[in-house]
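As structure tokens, the structure follows; a few thoughts come after it.
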Amino acid sequence: MGGLTVEWDGEEKPFPFIQSQLDHLDRTVREKAYNKIGSAFLQIKSDMDAIMDELIQLRHQIAVNAGFENYRDYIFVAKNREYSVQDCYDFHENVEKHIIPAWNRLAEVFKSKLGVDTYRPWDNTAKLMKNPPYAEVSTLMDGVSEMLGKTDPYFADRFDYMREHGLLDLGDRKGKSPGGFCTPLPVSGDTFVFANFSPSFFSLIALIHEMGHAVNGYLEFSEHGPIEEYQHRMEIAELYSHGMELLLLDKLDQFYPEEEDFKNAQREELRRAFTMLFGPLSGDLFQHWMYTNPTHTSKERDEKFFEISKRYGLNPVDTSGLEEQIGMSWIGTLHYFEVPFYNIEYSISMIGALQLLENYRENPERAIESFKKGASADYNQSIAAIYKETGVSFDFSEPAVKRMGEFLEKVIQDIH
């Protein structure tokens, strides 16, 4: 994936550049970018299939050797999860029942604003922005520092410190690994953010997301000293990254000063909140299927991925003629290869992050203090206890999912 390049208007471009074109105002450009991505994936599809086939068999053998029927059952014990397989299946159903109808209604708003008859996959992007939010990485960093400072001085202080000490590697370059992450440096107590960004709305949000992780890391270190990375439970870590995104929702005018652009930016961030509820969740369901059916073929895998995608994120999208392209698009998700079953945590934590936003709209100061208190809490506690210290509930039952779906719709209406 890191070596993928794409020909674009006679030039060889790094893969993140093509992904950024999915946000272009011109629908024909978005469609071209979407198809270029599909063509690029096709170049490496057979290699990626071979890698995944081998990983599935190796992981299945690990599970059998350890006395489990399949790798899914093994990984729930290995991860020491504080919820069950059935809880996950219930969560899948709750989101399909209470979030997808709201998502379909939001998709109709986007379809109307675009003035299109059919809502195609290349319309299901951050396409309402007139221009990318920045041209140079330095401008991105200047603006994010301002947004963090308006939220809490400590947040900006940590960001500026990281920038000054070379702890942010954000630009794109040929051969650079795709994606982004934040990792702790236990000896120094610092955190490091890596990303492969081209100017886009997504890269702005992704940097804010990673700074949620970074602030969490610095607060933990200051309170408890070095914490080994393996002790971090992602249901907790992702609460503060998603939470940081939503706490800065009202400051996106830093990059979008015009009122309508600002509203569109907020709508796109809320669209992301929707997708972070059902996107990782559908990826989790995909992995449940893969590892409880370890003898499946690559064709069956693609078909299952398309089927699940249509149940969730692509529910309101016209996918006709693109079934195979969508079916193979799972290869672009590194989690399936590198960190199996690290997906559902995003969706669980988004329920908590939406509660943080709800608290922030009622009392900003108290919500920020709760965020910092939870982000510096003792990691030896249960997930539920740490969520409680953050002022939210570790609850993804049907009533909780239904309430957050209704809250999302209210926020969207308020912006409208």
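Any value given below was found using the heavy atoms of this structure, including those in side chains, with hydrogens, waters and symmetry copies removed. Because the structure is predicted, anything quoted here is derived from the model rather than measured.
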Point to revise | Residue pair I415, L270: steps toward the side-chain contact (heavy atoms from CB on, under 4.5 Å) verdict | key: CA-CA 10 Å; I415 292 170; L270 292 173; 3.4 Å; yes
Any sub-3.5 Å donor-acceptor pair from [X]'s side-chain atoms to [Y]'s backbone N or O?
X    : Y    : value
E235 : S349 : no
Q325 : Y34  : yes
Q355 : S393 : yes
R72  : T292 : no
S376 : L219 : no
S382 : A385 : yes
N94  : D90  : yes
R158 : V215 : no
Y134 : D142 : no
T191 : T183 : no

Check: [X] ring centroid to [Y] ring centroid under 6.0 Å:
X    : Y    : answer
Y74  : H60  : no
Y291 : F341 : yes
F371 : Y240 : yes
F41  : F15  : yes
Y256 : F262 : no
F192 : H213 : no

Verify whether one side chain among [X] and [Y] offers a donor that lies under 3.5 Å from an acceptor in the other.
X    : Y    : answer
S241 : E238 : yes
H224 : D378 : no
Q21  : K36  : no
W330 : D302 : yes
T151 : K251 : yes
R30  : H24  : no
Q57  : D53  : no
D160 : S145 : yes

**Study point:** Chi angles and distances behind the salt bridge (Lys or Arg N to Asp or Glu O under 4.0 Å) call for K176, D172
**Key:** CA-CA 7 Å; K176 189 177 184 182; D172 64 356; over 6 Å; no
Does a salt bridge link [X] with [Y], judged by any charged N lying under 4.0 Å from a carboxylate O?
X    : Y    : result
D250 : K150 : no
E259 : K263 : yes
E398 : K402 : no
R81  : D87  : no
R366 : E369 : no
E324 : K45  : no
R271 : E268 : yes
E223 : K372 : no

Determine the minimum heavy-atom distance between [X] and [Y], stating which atoms define it.
X    : Y    : value
L408 : A273 : CD2-CB, 4.2 Å
I386 : G374 : CG2-O, 3.9 Å
T125 : L22  : OG1-O, 2.5 Å
P280 : Y346 : CG-CB, 3.4 Å
L168 : M162 : CD2-CE, 3.8 Å
N216 : A237 : OD1-CA, 4.0 Å

Is [X] atom [atom1] crowded by more than 12 heavy atoms from other residues, nucleotides or ligands, each under 6.0 Å away?
X    : atom1 : result
E258 : CD    : no
K97  : NZ    : no
E136 : CD    : no
N65  : CG    : yes

Could you check whether any side-chain heavy atom of [X] comes within less than 4.5 Å of a side-chain heavy atom of [Y], counting everything from C-beta outward?
X    : Y    : result
P340 : Q287 : yes
P121 : L322 : yes
V401 : V95  : yes
T118 : K111 : no

Point to revise | Worked check of side-chain contact (heavy atoms from CB on, under 4.5 Å) between L252 and L248 | key: CA-CA 7 Å; L252 287 169; L248 269 60; over 6 Å; no
Check your understanding: Between OH of Y342 and CG of D284, what distance do you get to the nearest 0.5 Å?
Key -> 13.0 Å
Check your understanding: Could you go step by step and tell me if R311 and E96 meet the salt bridge (Lys or Arg N to Asp or Glu O under 4.0 Å) rule?
Key -> CA-CA 7 Å; R311 282 178 59 187; E96 188 173 16; 2.7 Å; yes
Practice item. With salt bridge (Lys or Arg N to Asp or Glu O under 4.0 Å) as the test, would you mind laying out the steps for R233 and E345 before giving the verdict? Key: CA-CA 9 Å; R233 285 158 291 174; E345 295 92 337; over 6 Å; no
Practice item. Show your working on ring pair (Phe, Tyr, Trp, His ring centres under 6.0 Å) between F286 and H335 and close with a plain yes or no. Key: CA-CA 12 Å; F286 177 56; H335 300 69; over 10 Å; no
Review point. Are Y89 and H288 close enough, and set up right, to give a ring pair (Phe, Tyr, Trp, His ring centres under 6.0 Å), and what steps lead you there?
Key: CA-CA 9 Å; Y89 280 124; H288 279 261; 4.9 Å; yes
Check the angle between the aromatic planes of [X] and [Y] and answer parallel, tilted or perpendicular using the 30° and 60° thresholds.
X    : Y    : answer
F91  : F396 : tilted
W103 : F278 : tilted
W289 : H296 : tilted

Practice item. Could you please spell out the steps behind the ring pair (Phe, Tyr, Trp, His ring centres under 6.0 Å) verdict for Y154 and Y218? Key: CA-CA 10 Å; Y154 178 78; Y218 278 112; 7.6 Å; no
Point to revise | Evaluation steps, salt bridge (Lys or Arg N to Asp or Glu O under 4.0 Å), between R267 and E260 | key: CA-CA 10 Å; R267 290 185 186 106; E260 189 57 28; 3.4 Å; yes
